[in-house]
Visitor: 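Mind looking over this structure? Questions follow.
Order of appearance sets the numbers: ligands from 1, and atoms from 1 within every ligand. Since the structure is predicted, the reported quantities are computational estimates derived from the model, not experimental observations.
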Amino acid sequence: MQRPRNAMEIFKLLEKSNCKKCGEKTCMAFAGAVFLAHRRLDECPKLSQEALNQFAGKTPEHHDILEESSGDLLKKLKSDVAHLDLATAAERVGGRFVDNKLTLKVLGRDFSVDTGGNLFSEIHINHWVAVPFLDYILHCQGVPISGSWISFRELREGMERYPFFKKRCEEPMKRVADIYPELFDDIVHVFGGRRVDSRFQSDISVVLNPLPLVPVMICYWLPGEGMDSSLHVFFDKTADRNLDVESVFTLSTGLAQMFEKIALRHGLADAAS
Ligand code: SF4
């Protein structure tokens with residue numbers, strides 16, 4: 001069978017019992033997450049081997065989801081943004097509107113969308129940035145940053161998604177940090193982040209700004225006294241009012257992939273995998 005063309009093709013394979021054993025509220029939500037490569041088909045424990053075989057190797061991987069699997073979503077978001085008053089939106093989202101373009105600082109670099117919904121950036125336009133960027137412009141409530149940090153679990157609808165957030169974001173980041181101590185200096189340099197005073201008694205705390213009103217803090221605890229190392233990602237407590245939790249997830253897992261790439265560039269491919 002060909003790669004699924006939409007979430008409905010995946011949904012048809014599922015039991016449709018909405019049993020929630022996969023961690024999603026419904027089978028439809030799970031199908032959508034698989035289609036967007038946020039989940040793997042084999043994470044539904046109810047699926048028969050026969051059904052699994054139908055799409056074996058055909059469901060999207062995170063690294064190839066840019067235009068192929070999320071093309072429709074991107075198209076829709078671009079079209080919605082093209083109907084927005086970007087000058088007014090710029091004030092709400094902490095951006096600027098110049099030359100018919102709304103520009104935001106994304107990880108320290110300019111990232112823009114024009115009144116036709118076209119994207120422009122100094123950096124490569126990855127799906128994991130483009131989708132949250134447009135979603136943020138459309139739905140950010142403009143709530144000022146509070147300065148209080150909370151975990152992904154504490155965001156609205158974060159609790160049920162946390163196991164996947166841990167697996168796709170915090171665990172890969174920790175693996176890289178464990179073998180590549182320069183990671184935090186590199187991400188400060190590459191992503192325009194900053195070291196901040198140690199939070200939650202961590203050894204290292206770094207703040208990144210993937211979107212103006214959605215800062216992300218990564219805290220790392222070194223191993224010691226019989227304890228393994230640990231890494232957790234925190235968000236401002238206003239994050240879920242400025243960005244949908246799905247986009248928070250997409251941004252965070254995208255960052256984890258970038259950290260792995262940084263490690264790979266330093267010849268740590270085997271150790272990081
Ligand atoms: S575990 Fe499978 S059957 Fe149950 S809700 Fe999730 S997708 Fe549906």
Visitor: Output yes when a side-chain donor or acceptor of R153 lies under 3.5 Å from a complementary backbone atom of E160, and no otherwise.
Guide: no
Visitor: Using a strict 4.0 Å cut-off to heavy atoms of F30, name the atoms of ligand 1 that fall inside it.
Guide: 7 (S)
Visitor: N/O/S of C27 less than 2.8 Å from atom 2 (Fe) of ligand 1?
Guide: no
Visitor: What part of N18, side chain, backbone, both or neither, has a heavy atom within less than 4.0 angstrom of ligand 1?
Guide: backbone
Visitor: For atom 1 (S) of ligand 1, what is the closest protein heavy atom, and at what distance to 0.1 Å?
Guide: C22 N, 3.3 Å
Visitor: Check each atom of ligand 1 against the heavy atoms of S17 and keep those under 4.0 Å away; list them by number with element.
Guide: 3 (S)
Visitor: What is the distance from atom CG of L251 to atom CG of L208, rounded to the nearest 0.5 Å?
Guide: 10.5 Å
Visitor: For atom 2 (Fe) of ligand 1, what is the nearest protein heavy atom, given as residue, atom name and distance?
Guide: C44 SG, 2.4 Å
Visitor: Quick one: pull up NZ in K105 and CG in L211 and give me the separation to the nearest 0.5 Å.
Guide: 13.5 Å
Visitor: Are K20 and ligand 1 in contact, using a heavy-atom cut-off of under 4.0 Å?
Guide: yes
Visitor: Taking all heavy atoms of L134 and all of K78, pick out the closest pair and write down the distance.
Guide: CD1-CG, 3.8 Å
Visitor: Using a strict 4.0 Å cut-off to heavy atoms of P45, name the atoms of ligand 1 that fall inside it.
Guide: 1 (S)
Visitor: Could R241 and D236 be called an ion pair, given the rule that one side-chain N must be under 4.0 Å from one carboxylate O?
Guide: no
Visitor: Give me the nearest non-hydrogen protein atom to atom 4 (Fe) of ligand 1 as residue plus atom name, then the distance to 0.1 Å.
Guide: C19 SG, 2.3 Å
Visitor: Assert yes or no for the condition that the ring centre distance of F234 to F152 is strictly below 6.0 Å.
Guide: no
Visitor: I'd like to know if R96 pairs up with E91 as an ion pair, taking the criterion as any Lys NZ or Arg NE/NH1/NH2 lying under 4.0 Å from an Asp or Glu carboxylate oxygen.
Guide: no
